[in-house]
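Below: the structure, in structure tokens.
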Amino acid sequence: MKDSTINQAYNLAKERYAAIGIDTEKVLSQLQNFHLSMHCWQADDVKGFEVHAGDLSGGIQSTGNYPGAARNIDELRKDILKAKSLIPGSHRLNLHEIYGDFKGKVVDRDEVTVEHFQSWIDWAKENKTLLDFNSSSFSHPKSGNLSLSNPDKGIRDFWIEHTKRCRDIADAIGKAQGDPCIMNLWVHDGCKDVSVNHYLYRNLLKDSLDRIFAESKSDMKDCIEGKVFGIGLESFTVGSHDFYTAYAVKNAKIPTIDTGHYHPTESPGDKVSALLCYVSELMLHVSRPIRWDSDHVTIMDDPTQELFSEIVRADALDRVHYGLDFFDGSINRIGAYVIGTRSAQKCMLRALLEPRELISKYELEDRHFEVLALMEEAKVLPWNAVYDEFCLRNGVPVGSDFIADIQSYEKEELSKR
């Protein structure tokens, strides 16, 4: 598509939006400052680089065997940079602890230090990318069904030490990059079948968290993530949403809303305004659950749109951290990155372009016909012309042009793995 055609379409869209009080140039500036944290684990199906790594376990599952998954740290970094080159804007990178640069050495998770991530810090600085971090309690001989809530003191202490070290690493990353590193804590702990020790497990988890968070950190932020259930742990989850919401409010931590971690009839978007009444910040993990926490690639579906719309309506752009969390091994993994990230951006763009002040005015005046009419019209306004202009200004492919670029990368790089 010619640049002149894109500009012409944008100028027409600019006029349409101006007629309802929306400044598209202001919106483009807001979108430029909207930084998603891309997740490293999409590129290799959550395998990581531990020498003794086993099969993926701990209540999560990656499906598909599309060829070309990253096999080492160099291939992973190359794939991430390729994906970033096709996505407008500047974005962060979210690392799990299992993606350390272990250089072929066996490093158990209670032994990990910042030296195992120094090459990531250097790489991120070279590529103008800010890093976020996660502890990793799954896929380990000591994972079992319970980690931080395990009655076995030895196992529980092991995971406490692991998580403390992850906080140290996150703090060092934040200090090195001059921007707080957002560290997410999620553990799979739960029961396959009926259990009578729920209160015991939750008190153990609370005690573990208290010990982990005992030391304050200045260059990282702590997030805690709940879940409905995990594969193989369907009957009971220790770290439920109720548990972590209460803990976050009481202890000034950031709750993580993972869009795949709720009952199918629950709305993650509706939780935004509820939680922001009580906490200062939120963390998002945006994926697409299909019947369960299947972590399909994010698309512009109604739940994702509602999620971002609720953030904008709450005027909470600066109170939310935006992470992605899907891992689809059934399609080209670079394509998954680009589709998912651009779809999240498009949902945010549509939210920013909504004439919410006028709609809000009508709602408060009890003029609900006008509310519904404007919300429906906003869906078909030419937001896509604004996104095309955003891509053009950022020097990335417009529309579906990225498909050919990814096909070439697959032929030249991925097919040789």
Side-chain angles (χ1 to χ4, degrees), residues 1-34 36 87-89 257 259 265-274 276 284 286 288 297-320 322 339-394 396 398-401:
M1 189 182 299
K2 293 182 179 179
D3 292 359
S4 59
T5 302
I6 297 168
N7 294 146
Q8 184 179 16
Y10 170 69
N11 288 328
L12 291 172
K14 185 177 181 180
E15 291 181 14
R16 290 286 305 278
Y17 279 107
I20 56 172
I22 301 297
D23 181 351
T24 57
E25 288 297 318
K26 178 183 177 181
V27 168
L28 285 173
S29 178
Q30 290 175 304
L31 194 62
Q32 196 69 50
N33 289 318
F34 171 54
L36 288 157
I87 300 165
I257 297 176
T259 55
T265 60
E266 287 187 278
S267 167
D270 187 56
K271 300 181 186 300
V272 170
S273 58
L276 286 175
L284 300 184
V286 185
R288 178 168 47 113
V297 178
T298 299
I299 60 172
M300 294 183 66
D301 56 4
D302 289 343
T304 307
Q305 186 60 63
E306 181 184 10
L307 180 69
F308 287 109
S309 293
E310 284 298 302
I311 293 167
V312 174
R313 291 165 184 167
D315 195 24
L317 290 173
D318 296 331
R319 296 175 62 188
V320 179
Y322 308 89
I339 293 167
T341 310
R342 287 172 69 134
S343 293
Q345 279 186 315
K346 291 172 185 176
C347 286
M348 177 56 82
L349 174 62
R350 288 184 62 189
L352 292 168
L353 289 170
E354 181 182 76
R356 60 190 180 281
E357 292 184 8
L358 181 56
I359 294 173
S360 175
K361 176 178 178 294
Y362 283 147
E363 181 179 336
L364 295 174
E365 293 173 352
D366 208 25
R367 297 167 65 180
H368 297 291
F369 148 66
E370 289 87 347
V371 169
L372 189 57
L374 271 179
M375 292 189 73
E376 287 301 295
E377 286 302 308
K379 294 177 181 177
V380 294
L381 286 172
W383 62 266
N384 57 317
V386 182
Y387 189 75
D388 287 347
E389 178 73 12
F390 182 63
C391 290
L392 183 64
R393 294 186 185 186
N394 278 272
V396 303
V398 176
S400 59
D401 288 353

Identify whether the distance between the nearest side-chain nitrogen and carboxylate oxygen of [X] and [Y] falls below 4.0 Å.
{"X": "E354", "Y": "R356", "value": "no"}
{"X": "K361", "Y": "E357", "value": "no"}
{"X": "R393", "Y": "E389", "value": "yes"}

Rounded distance [0.5 Å steps], [atom1] in [X] versus [atom2] in [Y]:
{"X": "R367", "Y": "F369", "atom1": "CZ", "atom2": "CZ", "result": "9.5 Å"}
{"X": "I87", "Y": "T341", "atom1": "CD1", "atom2": "OG1", "result": "4.0 Å"}
{"X": "C347", "Y": "L352", "atom1": "SG", "atom2": "CG", "result": "11.0 Å"}

Contact summary for [X] and [Y], nearest pair of heavy atoms:
{"X": "A344", "Y": "T298", "value": "N-CG2, 4.4 Å"}
{"X": "M300", "Y": "S343", "value": "CG-O, 3.8 Å"}
{"X": "A316", "Y": "L276", "value": "CB-CD1, 3.5 Å"}
{"X": "I22", "Y": "L353", "value": "CG1-O, 3.6 Å"}

**Message:** Would you call the rings of Y322 and F308 parallel, tilted or perpendicular, taking 30° and 60° as the class edges?
**Reply:** parallel

**Request:** Take F390 and Q32 through the test side chain to side chain contact (heavy atoms under 4.5 Å, CB included) and record every step on the way to the result.
**Result:** CA-CA 8 Å; F390 182 63; Q32 196 69 50; 3.2 Å; yes

**Asked** Is a side-chain N or O of D388 found less than 3.5 angstrom from the main chain of V398, in a donor-acceptor match?
**Response** no

**Prompt:** So, D23 side chain and E25 main chain: donor-acceptor pair closer than 3.5 Å or not?
**Reply:** yes

**Request:** Only one of V320, V286, L284 passes side chain to side chain contact (heavy atoms under 4.5 Å, CB included) with I257; say which it is.
**Result:** L284

**Prompt:** Heavy-atom count around R319 CZ within 6.0 Å, excluding the residue itself: above 12?
**Reply:** yes

**Request:** Kindly check if the number of other-residue, nucleotide or ligand heavy atoms within 6.0 Å of CG (N33) is above 12?
**Result:** yes

**Fill in**
Residues pairing under side chain to side chain donor-acceptor pair (under 3.5 Å) where one sits in residues 300-310, two or more places apart or in two chains, turn out to be S267-E306, D301-T304, Q305-S309, E310-R313

**Prompt:** Please walk me through it: do Y10 and T24 pass side chain to side chain contact (heavy atoms under 4.5 Å, CB included)?
**Reply:** CA-CA 9 Å; Y10 170 69; T24 57; 2.8 Å; yes

**Message:** Is there a side chain to side chain contact (heavy atoms under 4.5 Å, CB included) between M348 and L36? Walk through the geometry before answering.
**Reply:** CA-CA 11 Å; M348 177 56 82; L36 288 157; over 6 Å; no

Solution key, residues 373-387 side-chain donor-acceptor pairs under 3.5 Å, sequence neighbours excluded:
unit_1	atom_1	unit_2	atom_2	d
E376	OE2	K379	NZ	2.7
Y387	OH	Q345	OE1	2.9

